[in-house]
Amino acid sequence: MKKILDGFAKVVEVLSVAIMCIMVIVVFLATTGRYTGLFSIPWSEECSRYCMMAIVYFGLMLASRNGSHFVVEIVPLVFPKNVVKAFSVVVALLVDAFAIFLVRYGWMVCSRMLNQGQTSPMMGIPTGMVYMLIPVGVALMAIYFTIHTFENLKDKPEDKEANA
């Protein structure tokens, strides 16, 4: 299971890098064309905005995979190990509760936009599909953060040897 999750995270990471490259190229070309007066790309702002949204929500998942998000560094230094574990369980439960809220209402908003047939003005992309990044990204973030939390709760053999 861990290999599947790590493989999926690698795919998301590569996809995020590709989206970032697309965004940089589009913004560079649009800016260069506008200031030289040779050409304009009317959809460049919309494209870069949607690319940035994708990078943010995919990055949310990638940061949660490593536990880079919801971290307060002082807690493990000040409190005993069992208190830190209790804090991490409470944080994971709060993150998951908030994620359930965002996924539920994000899905409702996206499905309503898709049913109305609303499209973006310049690119003609259904806006419900763009905003689907929110519930999907938050759901993936919650899954990876919960897995990361449970992995950290397990006592590792190195920790027992270090304490002996």
Side-chain angles (χ1 to χ4, degrees), residues 1-77 87-88 91-149 151-152:
M1 183 67 164
K2 183 162 175 50
K3 285 185 179 183
I4 293 170
L5 290 172
D6 287 344
F8 180 73
K10 193 66 173 169
V11 168
V12 170
E13 188 175 348
V14 168
L15 184 63
S16 297
V17 169
I19 292 170
M20 175 68 98
C21 291
I22 290 168
M23 184 178 74
V24 168
I25 290 168
V26 167
V27 169
F28 175 77
L29 289 175
T31 305
T32 304
R34 185 180 322 119
Y35 284 106
T36 59
L38 297 175
F39 59 91
S40 68
I41 305 174
W43 47 266
S44 63
E45 182 184 343
E46 195 172 284
C47 176
S48 62
R49 186 179 329 125
Y50 295 158
C51 287
M52 181 59 77
M53 283 178 62
I55 292 166
V56 165
Y57 285 103
F58 290 151
L60 184 66
M61 183 211 86
L62 294 171
S64 296
R65 172 180 168 230
N66 302 327
S68 302
H69 256 204
F70 317 99
V71 176
V72 178
E73 294 291 332
I74 193 78
V75 173
L77 298 174
F87 274 149
S88 64
V91 168
L93 290 172
L94 290 172
V95 166
D96 288 344
F98 184 66
I100 289 168
F101 172 79
L102 273 179
V103 168
R104 181 173 179 227
Y105 288 104
W107 182 263
M108 287 172 45
V109 168
C110 292
S111 61
R112 192 173 302 137
M113 289 175 133
L114 287 171
N115 287 337
Q116 291 174 352
Q118 195 173 13
T119 60
S120 64
M122 297 306 271
M123 297 178 73
I125 299 172
T127 53
M129 293 304 291
V130 174
Y131 285 96
M132 193 65 74
L133 287 167
I134 297 169
V136 169
V138 170
L140 291 172
M141 178 260 328
I143 290 167
Y144 275 88
F145 185 73
T146 304
I147 290 169
H148 176 76
T149 300
E151 285 175 352
N152 284 343

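Just so you know, these numbers use all the heavy atoms, side chains as well, and skip hydrogens, waters and symmetry mates. Keep in mind it's a predicted model, so treat the numbers as computed, not measured.
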Visitor: Check the pair S48, M23 against side-chain contact (heavy atoms from CB on, under 4.5 Å), reporting the backbone distance first and the verdict last.
Guide: CA-CA 5 Å; S48 62; M23 184 178 74; 3.8 Å; yes
Visitor: Let me confirm one number: the CG-OG1 distance from L93 to T146, rounded to the nearest 0.5 Å.
Guide: 8.0 Å
Visitor: Counting distance only, does the side-chain N/O of S120 pair as donor-acceptor with the main-chain N or O of I125 below 3.5 Å?
Guide: yes
Visitor: Counting only heavy atoms not in F39, do more than 12 fall under 6.0 Å of its CZ?
Guide: yes
Visitor: For M122, what residues pass the side chain to side chain contact (heavy atoms under 4.5 Å, CB included) criterion, not counting sequence neighbours?
Guide: P42, W43, E46
Visitor: Do V136 and M61 have side chains that approach each other closer than 4.5 Å (heavy atoms only, starting at C-beta)?
Guide: no
Visitor: Return the CD1 to CD1 distance between I55 and I22, rounded to the nearest 0.5 Å.
Guide: 9.0 Å
Visitor: Would you find a donor on one side and an acceptor on the other, under 3.5 Å apart, between the side chain of Y57 and the backbone of L140?
Guide: no
Visitor: Counting C-beta onward and ignoring hydrogens, is there a side-chain heavy-atom pair between Y144 and L62 closer than 4.5 Å?
Guide: no
Visitor: Report yes or no: does T31 contribute a side-chain atom to a donor-acceptor pair with the main-chain N or O of F28 at less than 3.5 Å?
Guide: no
Visitor: Counting only heavy atoms not in M123, do more than 12 fall under 6.0 Å of its CE?
Guide: yes
Visitor: Under 3.5 Å, is there a donor-acceptor pair between the S88 and N152 side chains?
Guide: no
Visitor: Any side-chain heavy-atom pair from L29 and S44 closer than 4.5 angstrom?
Guide: no
Visitor: Which atoms form the tightest heavy-atom contact between A30 and I41, and what is the distance?
Guide: N-CD1, 3.8 Å
Visitor: I'd like a table of donor-acceptor pairs (distance under 3.5 Å, sequence neighbours excluded) in which one partner is a side-chain atom from residues 8-21, with atom names and distances.
Guide:
unit_1	atom_1	unit_2	atom_2	d
S16	OG	V12	O	2.9

Visitor: Side chains of M141 and V95, heavy atoms from C-beta outward: is any pair under 4.5 Å?
Guide: yes
Visitor: For C110, what residues pass the side chain to side chain contact (heavy atoms under 4.5 Å, CB included) criterion, not counting sequence neighbours?
Guide: Y131, M132, P135
Visitor: Please list, chain by chain and in numerical order, all residues satisfying side chain to side chain contact (heavy atoms under 4.5 Å, CB included) with K3, sequence neighbours excluded.
Guide: none
Visitor: Would you give me the side-chain donor-acceptor pairs under 3.5 Å for residues 100-107, sequence neighbours excluded?
Guide:
none

Visitor: Would you please name every residue forming a side chain to side chain contact (heavy atoms under 4.5 Å, CB included) with Q116, sequence neighbours left out?
Guide: R112, Q118
Visitor: Going through the checks in order, is the side-chain contact (heavy atoms from CB on, under 4.5 Å) test met by D6 and R65?
Guide: CA-CA 9 Å; D6 287 344; R65 172 180 168 230; 3.8 Å; yes
